[in-house]
Amino acid sequence: EFRKRITCTNEDLFAGNETPVIRQSDGLIQAIKPGNNKVLARFDDGEPAIILVKPGKGSLYYLASPLRTGDYHLLLSPLANLAGLNRPVVGINNNGDLVTGAEVRAVEREKDYLVYASNLTSGPVEFDLKGTNIPGTITDLRSHIKYESEHIRLEPFQETIYRIDKIK
């Protein structure tokens, strides 16, 4: 079976959620034996879906199956927060949540940000770029189009790089 529901515990990456976080597998499912490691999520049949392994000083999160495209941010966002990663620019949907269906990554430079955006779906994806010192001038470095606002629309499977000038 390639699609199974995954229910996460309220621990570690998923701590603080009022209701259990539910995800959907989308691909080959591996049978994993957690041993003494912490199970952070289970498939509906009770088998482990995500385990936490702490070898030495580090942490390893192991997924027993790929996730639906739209569910990865539910795993990677708390992981980025836990790791203390600086995300200077993010894509926000019209509900105020991190955009799904698109990958948005940014790096900060002295005078601007570079933002890679990729639509992972067969339909258009729209979102706003949010971060400190935004909105500055947003330029699509592939088409050389300048945007008047932080609202972005990516066509199916479109990917591009934006330069966002910092507000002075």
Side-chain angles (χ1 to χ4, degrees), residues 2-27 40-41 49-50 52 59-63 65-168:
F2 292 103
R3 290 196 170 93
K4 287 187 179 179
R5 198 169 91 143
I6 298 170
T7 303
C8 302
T9 65
N10 195 7
E11 301 176 73
D12 196 67
L13 289 178
F14 315 116
N17 294 313
E18 291 182 22
T19 58
V21 175
I22 308 291
R23 291 174 177 71
Q24 182 75 40
S25 67
D26 190 21
L40 297 179
I50 302 172
L52 168 62
S59 294
L60 172 75
Y61 296 88
Y62 190 85
L63 295 164
S65 173
L67 301 175
R68 282 187 313 195
T69 300
D71 285 352
Y72 275 103
H73 80 283
L74 297 170
L75 175 65
L76 298 177
S77 187
L79 184 58
N81 291 338
L82 184 68
L85 294 179
N86 176 26
R87 294 187 292 171
V89 178
V90 292
I92 302 294
N93 68 20
N94 58 3
N95 295 327
D97 299 320
L98 289 174
V99 65
T100 58
E103 179 181 355
V104 179
R105 297 179 186 212
V107 294
E108 183 173 8
R109 302 189 312 173
E110 186 178 329
K111 296 180 182 179
D112 60 16
Y113 303 97
L114 291 180
V115 179
Y116 166 79
S118 176
N119 181 349
L120 305 172
T121 72
S122 60
V125 174
E126 295 189 45
F127 56 91
D128 290 339
L129 293 173
K130 298 290 183 187
T132 51
N133 297 321
I134 294 176
T137 302
I138 300 173
T139 305
D140 183 321
L141 295 179
R142 292 202 173 146
S143 67
H144 301 287
I145 294 173
K146 291 188 187 281
Y147 289 81
E148 298 297 319
S149 77
E150 65 274 1
H151 188 75
I152 301 296
R153 177 184 166 100
L154 293 176
E155 296 305 322
F157 303 109
Q158 178 186 357
E159 60 181 57
T160 192
I161 299 174
Y162 300 100
R163 184 183 69 235
I164 305 173
D165 298 326
K166 290 183 180 178
I167 298 173
K168 295 177 179 151

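All values below were derived from every heavy atom in this structure, side-chain atoms included, with hydrogens, water molecules and symmetry-related copies excluded. Note that the numbering runs from 1 along the sequence shown for the chain.
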**Asked** Considering only heavy atoms from C-beta outward, does the side chain of Ser59 approach that of Leu52 to under 4.5 Å?
**Response** yes
**Request:** Return the set of residues passing side-chain hydrogen bond (donor to acceptor under 3.5 Å, both in side chains) with Thr121 (not counting sequence neighbours), or none when no residue passes.
**Result:** Asn119
**Asked** Taking only residues two or more places apart in sequence, or in another chain, which ones meet Ala41 in a side chain to side chain contact (heavy atoms under 4.5 Å, CB included)?
**Response** Ile6, Cys8, Ala49, Ile50
**Request:** First locate atom NZ of Lys130, then atom CD of Glu150, and finally report the distance between them rounded to the nearest 0.5 Å.
**Result:** 4.0 Å
**Request:** Carefully, step by step, assess Arg87 and Asn81 under the rule side chain to side chain contact (heavy atoms under 4.5 Å, CB included).
**Result:** CA-CA 9 Å; Arg87 294 187 292 171; Asn81 291 338; 3.2 Å; yes
**Asked** Short question: side chain of Ser25, backbone of Lys4 - any donor-acceptor pair under 3.5 Å?
**Response** yes
**Item:** Exceeds 12 heavy-atom contacts within 6.0 angstrom, atom CZ of Arg142
**Value:** yes
**Message:** Tell me every residue that passes side-chain hydrogen bond (donor to acceptor under 3.5 Å, both in side chains) with Arg109, counting only those two or more places apart in sequence or in another chain.
**Reply:** Asp112
**Prompt:** Roughly how far apart are Thr137 OG1 and Glu148 CD, rounded to 0.5 Å?
**Reply:** 8.0 Å
**Message:** Looking only at side-chain N and O atoms, does Asp165 offer a donor or acceptor that is under 3.5 Å from a partner on Tyr113?
**Reply:** no
**Message:** Holding to salt bridge (Lys or Arg N to Asp or Glu O under 4.0 Å), I want the full list of residues that pass it with Asp26, two or more places apart in sequence or in another chain.
**Reply:** Arg3
**Request:** Provide the closest heavy-atom pair for Thr139 versus Lys146 in the form atom of the first, atom of the second, distance.
**Result:** OG1-NZ, 3.5 Å
**Item:** Any residue meeting side-chain hydrogen bond (donor to acceptor under 3.5 Å, both in side chains) with Ser65, in chain and number order, not counting sequence neighbours
**Value:** none
**Nearest-0.5 Å distance that lies between atom OG in Ser118 and atom CD1 in Ile161** = 10.5 Å
**Request:** Mind listing the closest non-hydrogen atom pair of Ala117 and Leu154 along with its distance?
**Result:** CB-CD1, 3.9 Å
**Asked** Can you list the residues that meet the side chain to side chain contact (heavy atoms under 4.5 Å, CB included) rule with Ser122, with sequence neighbours excluded?
**Response** Phe157
**Asked** Who passes salt bridge (Lys or Arg N to Asp or Glu O under 4.0 Å) against Arg68, sequence neighbours left out?
**Response** Asp71
Extract all donor-acceptor atom pairs below 3.5 Å that involve side chains of residues 90-101 and protein atoms in other chains or at least two apart in sequence.
from, atom 1, to, atom 2, distance (Å)
Asn93, OD1, Asn95, N, 2.8
Asn93, OD1, Gly96, N, 3.1
Asn93, OD1, Asp97, N, 3.0

**Message:** Let me confirm one number: the CD1-CG distance from Ile152 to Leu129, rounded to the nearest 0.5 Å.
**Reply:** 4.5 Å
**Prompt:** When rounded to the nearest 0.5 angstrom, what distance separates CG in Leu114 from CD1 in Ile164?
**Reply:** 9.0 Å
**Complete:** Here the pair of heavy atoms bringing Leu40 nearest to Glu11 is CD2-O, 4.2 Å
**Prompt:** Could you go step by step and tell me if Phe14 and Asp12 meet the side chain to side chain contact (heavy atoms under 4.5 Å, CB included) rule?
**Reply:** CA-CA 5 Å; Phe14 315 116; Asp12 196 67; 6.0 Å; no
**Item:** Separation between NE2 of His144 and CZ of Arg163, rounded to the nearest 0.5 Å
**Value:** 9.5 Å
**Prompt:** Between Glu108 and Lys166, does a salt bridge (charged side-chain N to carboxylate O under 4.0 Å, His left out) hold up when you go through it step by step?
**Reply:** CA-CA 10 Å; Glu108 183 173 8; Lys166 290 183 180 178; 2.7 Å; yes
**Message:** I'd like to check the ring-ring contact (aromatic ring centres under 6.0 Å, His included) partners of Tyr147; sequence neighbours left out, ordered by chain and number.
**Reply:** Tyr162
**Request:** Give the intermediate values and the outcome of side chain to side chain contact (heavy atoms under 4.5 Å, CB included) for residues Tyr61 and Leu82.
**Result:** CA-CA 12 Å; Tyr61 296 88; Leu82 184 68; 3.2 Å; yes
**Message:** Does anything in residues 115-127 form a salt bridge (charged side-chain N to carboxylate O under 4.0 Å, His left out)? List the pairs, not counting sequence neighbours.
**Reply:** Glu126-Arg153
**Request:** Would you please name every residue forming a side chain to side chain contact (heavy atoms under 4.5 Å, CB included) with Leu60, sequence neighbours left out?
**Result:** Val53
